[in-house]
Protein chains: 2
Amino acid sequence: METPRQAFEAFLRQKHLKLTQPRLSVLDTALAARRHFEPEELVADLRAKAVSRATVYRTLALLLESGLLKEVIETNGHRIYEPMHGLPHHDHLVCLECGKIIEFVNPRIEALQEAVCRRFDFRIVSHLHQIMGYCRKCQRKNAVAPRRPA
Amino acid sequence: METPRQAFEAFLRQKHLKLTQPRLSVLDTALAARRHFEPEELVADLRAKAVSRATVYRTLALLLESGLLKEVIETNGHRIYEPMHGLPHHDHLVCLECGKIIEFVNPRIEALQEAVCRRFDFRIVSHLHQIMGYCRKCQRKNAVAPRRPA
DNA sequence: TTGATACTGAGACTTAGTCTCATATTCAAG
DNA sequence: CTTGAATATGAGACTAAGTCTCAGTATCAA
């Protein structure tokens, strides 16, 4: 099976782009990163390897375009990405208090979604399905120590 | 039935906040706006009425909190809001080419979503469900004049 | 009417991201 | 190997969207 690195090489070659050291650093770091990350975290991680902010963002765009990475959440002006390798398609629950992200898979939702697109003659490229609320732990916390009244 | 203005007044009173002229201007403009808008459009519209950017954003937060407005889409770092009055809950298809927004209602998706939350013991507050792709018109346009090869 | 409380605009500040440009790397052809 | 045209790079200027501060102003309950 094709490794992410091989896939990236193929993608670059096919677009007549070059396989450079900074690009490889971004690839490695992005795929090794904790499962969900924001661009600026990547920028911070890569400063150690002397990769500039500009290059991180430029490479991020390539990884997105090549399908190795996916933007999965966007809240409050923050974009969150995750590597595509391995896991089946899924969506996310986002805890508004602790930021925890829970992944869930639901083929029936996907199927209904596709039916909607067919109905509108809409060619789907991607989708963002995120549910915001409070995870079990934070619900409990709030029950014990509710925000004190103004 | 309660008008948006009455709802807003009640909301403010209950929080010991004041009903001011700038706030009313923001309310009116936000509700009268084209169905979907970005904060900066509101800022521009309200400059004529001498309402500052800071006040627009501050009031936007209140309108969101009071439920009169809802954030419905977030793409590319742009937040899009819409007034809540009138329409039943719905989600959105967003055309990546022309920016067109199509609304769709699908109770079965909503039901499945709630089931997911129950399974994870997650207290849902809101959700963002947007499908990105190409609308009928833009698909046709691209078929006629495809992007020329590099 | 009044004064405590809350609100306001101006503009400084922040954060995330993009752009430019002079210099450095890559890689296909020789 | 070399080489050189094409592409990539880092530094840092720039932008856009939003937040914050603060001195002066408006609101509203008593």
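Looking at which nucleotide of DNA chain C each of Asn76(B) and Ala50(B) is closest to, the 5′-most match is held by Ala50(B). The residue among Pro22(A) and Leu17(B) whose nearest nucleotide of DNA chain D is located toward the 5' end is Pro22(A). Heavy-atom distances to DNA chain C give each of Glu38(A) and Ala54(A) a nearest nucleotide, and the one nearer the 5′ end belongs to Glu38(A).
If you measure from atom NE2 of His78(B) to atom P of dT18(C), you get 10 Å, rounded to the nearest angstrom. Between Leu42(A) atom CG and dA16(C) atom C1' there is a gap of 14 Å when expressed in whole angstrom units. We find that CG of Leu46(A) is positioned 15 Å from P of dG17(C), with the value rounded to whole Å. Taking atom NZ of Lys18(B) as the reference point, atom P of dA4(C) lies 12 Å away to the nearest angstrom. Straight-line distance from the NE2 atom of His16(B) to the P atom of dC7(C): 12 Å, rounded to whole Å. Rounding to whole angstrom units, CG of residue Leu60(A) and P of dC19(C) are separated by 15 Å. Protein atom CD of Glu74(A) is 13 Å distant from nucleotide atom C1' of dA17(D), rounded to whole Å. To the nearest angstrom, C1' of dA17(D) lies 13 Å from CZ of Arg47(B).
Remark: Arg23(A) is in phosphate contact with dT9(D), judged by side-chain N or O atoms under 4.0 Å from OP1 or OP2. Look at Thr20(A) and you'll find a side-chain N or O under 4.0 angstrom from OP1 or OP2 of dT9(D). Checking the phosphate oxygens (OP1, OP2) of dC27(C), no side-chain nitrogen or oxygen of Arg13(A) falls inside 4.0 Å. In this model, the phosphate group of dG17(C) is approached by a side-chain N or O of Tyr57(A) to a distance below 4.0 Å at OP1 or OP2.
Scanning atom types as modelled, one donor and one acceptor separated by under 3.5 angstrom connect the side chain of Arg58(A) and the base of dG10(D).
Taking all atoms of both residues into account, the shortest heavy-atom contact from Leu69(B) to Pro83(B) is CD1-CA, 3.7 Å.
Defined by atom type and a distance below 3.5 Å, a donor-acceptor pair is missing between the side-chain atoms of Glu41(A) and Tyr81(A). Of the N and O atoms on the side chains of Glu74(A) and His78(B), not one donor lies less than 3.5 Å from an acceptor on the other residue. His92(B) and Gln130(B) share no donor-acceptor pair across their side chains, judged by distance under 3.5 Å alone.
For His129(A) and His90(A), the distance between ring centers is not under 6.0 angstrom.
Across all strands, Val43(A) comes closer than 4.0 Å to no nucleic acid atom at all (heavy-atom distances).
Out of dG9(C), dG10(D), dT19(D), the shortest distance to the side chain of Arg53(B) is found at dT19(D). Counting only heavy atoms from C-beta on, Arg79(B) has its side chain closest to dG18(D) among dC7(C), dG18(D), dA5(D).
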